[in-house]
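Input: a single structure, listed below in structure tokens.
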Number of protein chains: 2
Amino acid sequence: MAIRPAEQLIHKAAWLYYAHGLRQDEVANQLNISRASVAMYLRKARETGIVNISTSTQLFTDDVMARRLEDALKLDAVWIAPENAYLADPSTDIAVLAASVFLELVRKGDRIGVAWGRTVYTIADIMSYADLQDVTVVQLCGNLGAPYSYRPDQCTMEIARRLNAKGLNFYAPLVLSTEDLAQGLRAEPVIRDQLAGISDCDLALYSIGAVDADSHLVKCGALTAAEMAALRREGAAGVIAGQIIDAGGELLDCSYNRRVISAGLASLRVIGKRLMVVQEDSKFEPLLAAIAGGLCTHLVVGARMAQRLLDHAGTSAEKAS
Amino acid sequence: MAIRPAEQLIHKAAWLYYAHGLRQDEVANQLNISRASVAMYLRKARETGIVNISTSTQLFTDDVMARRLEDALKLDAVWIAPENAYLADPSTDIAVLAASVFLELVRKGDRIGVAWGRTVYTIADIMSYADLQDVTVVQLCGNLGAPYSYRPDQCTMEIARRLNAKGLNFYAPLVLSTEDLAQGLRAEPVIRDQLAGISDCDLALYSIGAVDADSHLVKCGALTAAEMAALRREGAAGVIAGQIIDAGGELLDCSYNRRVISAGLASLRVIGKRLMVVQEDSKFEPLLAAIAGGLCTHLVVGARMAQRLLDHAGTSAEKAS
DNA sequence: ATCCAAATTTGACTTTTGTCGAGAGCCGTG
DNA sequence: CACGGCTCTCGACAAAAGTCAAATTTGGAT
């Protein structure tokens, strides 16, 4: 009899194994199934978030540098991934840390805003599963028909899937060709409601984009490399949730920004916990801009970036005094 | 070089193993130690709550009976442990479930009140470890020089230890020989402060005691079997946090109660989440009294007890109509 | 300075767990 | 009603994790 292995059975196996501490063969006896099946159920239980294995991220905030950064940048919490210390690929380390931090920040009943980018998708990809049924994951910005797998809607959905949460997608393109059209679309009830709902979020997850030819905006055809370079000369310092900000962390006054459908910076700043994750060292200036603009309260970075931020804060303070 | 295996090293090993998903031998390579040491560190990490393995208790609330009980008894949540379904000893099952539920209810920064009894100690004993450094566990009632290992202060400390939390003990006996002395002691600043602090708790954990010769109050010499029997005739229905309540869940007007140093029922009722755990079927009436008195918002019981409660609620409702 | 007790580390061994392909039951379809 | 596709299950093997006693190191006491 090969009945669909009811959630119930998975749950029972997980309970006996993890809560009661029985061995797999003991569980198998209890449930009258083979030990191999038990092993499979347990894997499923882990994958569906019925059991939850989390490791404390204390170590990474306990760092002295993290504390100093919190003070210097006026952030609520900073986590620093030790560069090259553990693994060959430091960016994976940052993503793994970010995923753990993210899961630690999520609370039951939360509404979570998610932006997009390679970093965000990497985090989604390595994030472990959790059972947060009353959580809602909302997309922070419109979609791009990207050739990559980390489209905005995919980032949102993947994270929702991992959390067993509800995913709310944005059914609009990120950039339109005219300002009028963008304005009209923003006024559409469906879109307007979703944009309005962003400020109700309890937690936001995003990274920051650089203003160069490697930007996803260029790669996805939203802007040409030349346009990007021009924007840079006009003061563009970074890209957040598809929008271009200046060095002060304010929206740059440009046609592109007016054609974008995305979470306004004001809505973002209202969100209680704004988790920013930065992997690449090259994103130093963009990150400074985002911090200046108050777009992040919680920060996950690598050790090298942390050092640079600290040095910068030090010299700024000196100049000021 | 056998340096004290700094917390740091345990943390790193746990991180690589659980967060990054490396194998133990890979971790051993990374950290330049033997795999055996890694295995030991990982056990320590689990025991100190650096890693946290929890299994969802959904299954036990999803039960239809649990839902009906919540409605019938006006409780916030009910968990039902399937009797005899899983293991030989059903009371263990209830305790394991209670421990999981308890850990699920604790939040960072919480203040937790803990009473005492065999049930509470059993829960403490099988509870897994967690890393909740900013949690405070306070003792709800005075101490008894009991010949058992589940003295009030031990229950409190054991739970605090498991949680890596701060434990606050009560430095007073549970019962005094005269009412005057009890009153005087209650007015002592140290004691008064602690009693006052009880209503600040976010979560309470207790069971209910029966009014019979088997009661711990009798076994520990606080009352004689004859006195207990007399109290029973006077309307005593149960024992909670060392105090005797009547069938309506109110403090029984008796000398014993006036000589007790413990959390007043009013203070208890102020606590947001009051988790009551009952293992023995014999505690049906005491439990009814506690529920009637609004002393519990969250309940963990076995299936048989749940059925009895439901039947009782049904017949009460019939009578009323 | 030297020794002792306690704690840590390790290699070797045992137990437990993960995985794979074969086989069996279920279900919709032709 | 037979057929294929599907998923679930199981036995057996391989891999990984747990354990133990002996060896080593540490820190403190004499």
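Every chain is numbered from 1, with letters handed out A, B, ... down the list of sequences.
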Worksheet entry | Nucleic acid footprint by protein, nucleotides 12-19 of chain C - heavy-atom cut-off 4.0 Å, B for base, S for sugar-phosphate alone | ----SBBB

Worksheet item: For Glu26(B) and dA17(D), what is the distance between atoms CD and C1' respectively, to the nearest whole Å?
Response: 14 Å

Practice prompt. List in chain and number order the residues that pass salt bridge (Lys or Arg N to Asp or Glu O under 4.0 Å) with Arg118(A), two or more places apart in sequence or in another chain; answer none if no residue qualifies.
Written response: Glu280(A)

Worksheet item: What is the distance from CG of Leu31(A) to P of dC10(D), rounded to the nearest Å?
Response: 11 Å

Practice prompt. Using a cut-off of strictly less than 4.0 Å, decide whether Ser34(B) has a side-chain nitrogen or oxygen near OP1 or OP2 of dG11(C).
Written response: no

Worksheet item: With sequence neighbours excluded, what pairs up with Asp153(B) under the salt bridge (Lys or Arg N to Asp or Glu O under 4.0 Å) test?
Response: Arg151(B)

Discussion item. Going by side-chain hydrogen bond (donor to acceptor under 3.5 Å, both in side chains), name the residues that satisfy it together with Arg111(B), two or more places apart in sequence or in a different chain.
Written reply: none

Worksheet item: Could you give all pairs that pass the salt bridge (charged side-chain N to carboxylate O under 4.0 Å, His left out) test and reach residues 23-42 of chain A, with sequence neighbours left out?
Response: Arg23(A)-Asp25(A)

Worksheet entry | Residue list, salt bridge (Lys or Arg N to Asp or Glu O under 4.0 Å) with Arg161(A), at least two apart or on another chain | Glu158(A)

